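Note that this is a predicted model, so its numbers are computed, not measured. Below, chain A is the first sequence line, B the second, and so on; all start at residue 1.
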Amino acid sequence: MSFSSAVVFLWLASSRNRLRLQLQRLRRPRYLVGALVGLGYIYSIFLRRLEFGGALSNVPPGVRLFAELSLVFSALVTVFSAWALGPDRPSLTFTESEVVQLFPAPVTRTSLLHYKLARGVLGAAMGALFASLFVGRLVSHAPGLFFLGAFLSLGTLYLHATAASFMRTRWAETWGTRGLVARWLALGCVLAAVGLAAYAALDAHPFPRTLSVPGVLRNWVQAVVASPGLSAVLWPARLLVAPALAQDSSAFLSVVPPVLGLALAHYVWVRLAEVPFEESAVTQAETRTRERAQRASGGVAKGRAVSSRKAPFRLSARGRPEVALIWKNLITRRRMAGGVASVLASLLLGCAIVAMMGESRFFTDTRRVLGPLGVSLAAMMAVVGPSVFRMDLRMDLPKLDLLRALPLAGWQVVGAELAASALMVGLLQLGLLTVGLLSGPGAEDPWLMTWWWPGGVALALLLPSMSLAGLFVQNAAVVLFPAWVPADRTGSARGIEALGQRLLTLMGSLVVSLVGLLPAALAGAVVGFPLWSSLDVWALPLGAAAASAVLAGEVVLGVLLLGRAFEHLDVSEDRPE
Amino acid sequence: MDFVLRVAGLEKRYGAVNAVQGLTFAVAPGEVLGLVGPNGAGKTSTLRCLAGILPPTSGRVVVAGYDLAKDAVDAKRELAFLPDEPRFFDYLTVWEHLNFTARLYGVEDWEERGKALLEEMELTGKEKALPGELSRGMKQKLSIACGFLHSPKLILLDEPLTGLDPIGIRRMKASLRRRAEEGAALVLSSHLLPLVEELCHRLLVIAGGRAMALGSLEAIRSRLSGPEGESASLEDLFVRITSGAGTEKPPP
């Protein structure tokens, strides 16, 4: 069997087995339902919109121009990146399996190169398919022609990137730093030429003073890109994307020969520029495999920063054992993402700088913004917070063996896992509310002034409980439906059925959250309304306190029940020994 | 006799697959039981059930007098499970892992014990390292250090020598022997038959989830029929038993 036929066999057999596996999974009702929901989603989002015939006439010319220029600039950026970005090494990437199976096989380097080029061209076909789905209808009447044109363009760009990486490797090996300097000098010249052309075009066609007349902006853009200098810069990219933009077969046939010639020339270039790529491929494959393994085990991939911040408090050996889990998760929060804290600190610093810039007007205006902003963000955190703060069972469930071996009851594990996220979200909300309330409502409206403090106190009582309930629902989904919810960050399950399952889980979580809020709302109303006549707006915090207590009670009950589910959780159905 | 571990009729099913079928055995303090069997025999499933990680389909597991189904927390406090692939929390350092374990098990003198264990496992100087910064062997040693910190009465080990260098293997064997001498019961699963032969007082050979032989090497050897039964090595016995060549009957 020749190498090419072995490769064809490999691809066909792999595709067939993958399909068979997916069909086998559909025997399980949850996968079947998931597949139906996923297919429905894909149809409603993408396929239903594929009304190429007649759709073009409805698209505004400005949008079409934007889509065309996007394709042109994408091609130019790809070419520039190939020469400017990344290390000087062959861009051919092989998986660990390919390295182990193909590199020691009795095949030539050229065969391996062709194998990889074929994979790249297949990738270009997939890219063209997605481009047809997303932007095809904006720029073309003929989806088939758009696909063919996009395929040719992407394939040529792939060959260009490969050839560029070979050339860069060759120069780096032959000339070292001198090669690097020469390359950047050439790139600098090209950039300078592009800059001059852009300057000349803008000088000849200044930005319109008013944009109120329809079409002014579009006409200006068309005039700028049609100016001699820029038109020369854009010409190669325009040539490349011309087949994709062809509106009919005759136009397509007239513009496709130069692109075919360009693709052929690039293939010849790749063959002539070919350099040894095995060493680089092996190193990259090993790195990727290591990172994937780390991610799969819930680990931290290389390149992701892990700070060495200190623990939030000293953990004594005495006391309730589940506190150790809270301590662990708080450390995780501090070390995995100073990101949120940094953003908040930057915001506060920015506000402080603006406030201290001298004019009292700034200070007044800042206060006007800060108040509503703080309260809005705190309220928003009740919805967003449970998805952002994930140092709980969602993060730890891939280490189920470790958790299950701990000398803790199920409810202790579930409660402690929830606690750290709930603490962080709750404290953040209270901090935002404090800043917001102290800054004031930002308007002198009497009604707003009356409600500001009672409403703020009510939110302070209610929002942390709502976040806790949201966190509980998301953690419950992981424990109750481990096969549906990807607990780890890798999102191991893939495919249409997995997409459908996630959609169902998301909808289910929303429904459960809303249902859980009903008793709390009822309790709030039962307490708040009778007190309204005597306490007026200050009945609101009392109602909120009652609602919050009911929510907290629901979560406590849920933790006890979920703890039992956790103790009986058996993921072995989907993860056999 | 007071056994640290008593297992009766342990079964574990994954859907239609019977991974463990009717295992019954006990392990006394100071005893090392070797769990051997071919790939897919059910060794890891058995150990996970004994550690309280997987709920058994049926059967009873009693650890240091605590029923694992009824008093899971008390039972788990008396055992340590050291898996073949150590798992850690990515953002805790080596020293913080020991601190974490100390709080879970209430080990008040954990700092002295921790230092001694890190010394024993040649991890001194790595206290501030995160798990991602450790080699495979170092992770294995950290797993062992965390497992030994609370002086468990029952130690369950799944391929404990994986990833260790020759010096690490020698230290590990000495360490396990010492724990057994101090009264801990050990259940050790390994494909390394010389290790099993060297360390274990008794063997439990399983295949297809069933117990094929249980007893000391000499007892199993003497019970085996055949012309070379008396002088057979553990490897010979293993092959005979697991391929059905021996006449050994499953223990009652």
Peer 1: Could you give the distance from OH (Tyr91(B)) to CZ (Arg333(A)), rounded to the nearest 0.5 Å?
Peer 2: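 CZ of Arg333(A) is found 9.5 Å from OH of Tyr91(B).
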Peer 1: Is it true that atom CZ of Arg136(B) has more than 12 heavy atoms of other residues, nucleotides or ligands lying nearer than 6.0 Å?
Peer 2: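 Result for CZ/Arg136(B): enclosed.
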Peer 1: Do any of residues 104-113 of chain B have a heavy atom less than 4.5 Å from a heavy atom of chain A, and if so, which, in residue order?
Peer 2: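 Within residues 104-113 of chain B, the residues that come under 4.5 Å of chain A (heavy atoms only) are Leu104(B), Tyr105(B), Gly106(B), Val107(B), Glu108(B), Trp110(B), Glu111(B).
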Peer 1: Give the minimum heavy-atom separation between Asn99(B) and Leu315(A), together with the two atoms involved.
Peer 2: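 Nearest heavy atoms, Asn99(B) then Leu315(A): OD1-O, 3.0 Å.
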Peer 1: Below 4.5 Å from any heavy atom of chain A, which atoms of Thr93(B) appear? Answer side chain, backbone, both or neither.
Peer 2: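 Answer is both: backbone and side chain atoms of Thr93(B) are under 4.5 Å from chain A.
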Peer 1: Just wondering, more than 12 heavy atoms not from Gln24(A) lying within 6.0 Å of its CD?
Peer 2: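 Yes, the 6.0 Å shell around CD holds more than 12 heavy atoms from other groups.
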Peer 1: Return the CZ to CG distance between Phe81(B) and Leu402(A), rounded to the nearest 0.5 Å.
Peer 2: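 Spacing of CZ (Phe81(B)) from CG (Leu402(A)) equals 10.5 Å.
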Peer 1: If you count heavy-atom pairs under 4.5 Å with chain A, which of Ala51(B), Pro55(B), Ala102(B) comes out on top?
Peer 2: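 Ranked by contacts with chain A, first place is Pro55(B).
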Peer 1: Mind listing the side-chain donor-acceptor pairs of residues 406-417 of chain A below 3.5 Å, one per line with the distance, residues two or more places apart or on another chain?
Peer 2:
residue, atom, partner, partner atom, Å
Gln412(A), OE1, Ala409(A), N, 2.7
Gln412(A), NE2, Glu322(A), OE1, 3.1
Glu417(A), OE1, Asn329(A), ND2, 3.0

Peer 1: How long is the straight-line distance from CG of Asp401(A) back to CZ of Arg87(B), given to the nearest 0.5 Å?
Peer 2: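 Arg87(B) CZ to Asp401(A) CG: 6.5 Å, rounded to 0.5 Å.
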Peer 1: Backbone N or O of Ser316(A) within a donor-acceptor pair of the Arg103(B) side chain at under 3.5 Å?
Peer 2: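 Between the backbone of Ser316(A) and the side chain of Arg103(B) there is a qualifying donor-acceptor contact (under 3.5 Å).
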Peer 1: Rounded to the nearest 0.5 Å, how far apart are CZ of Phe100(B) and NZ of Lys328(A)?
Peer 2: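 Reported value, rounded in 0.5 Å steps: 6.5 Å.
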Peer 1: Counting only non-hydrogen atoms closer than 4.5 Å, does Leu325(A) touch chain B with its backbone (N, CA, C, O), its side chain (CB onward), both, or neither?
Peer 2: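 Its backbone and side chain both get close to chain B.
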Peer 1: Quick one: CD1 on Ile53(B) to CG on Leu400(A), what's the gap to the nearest 0.5 Å?
Peer 2: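 CG of Leu400(A) is found 8.0 Å from CD1 of Ile53(B).
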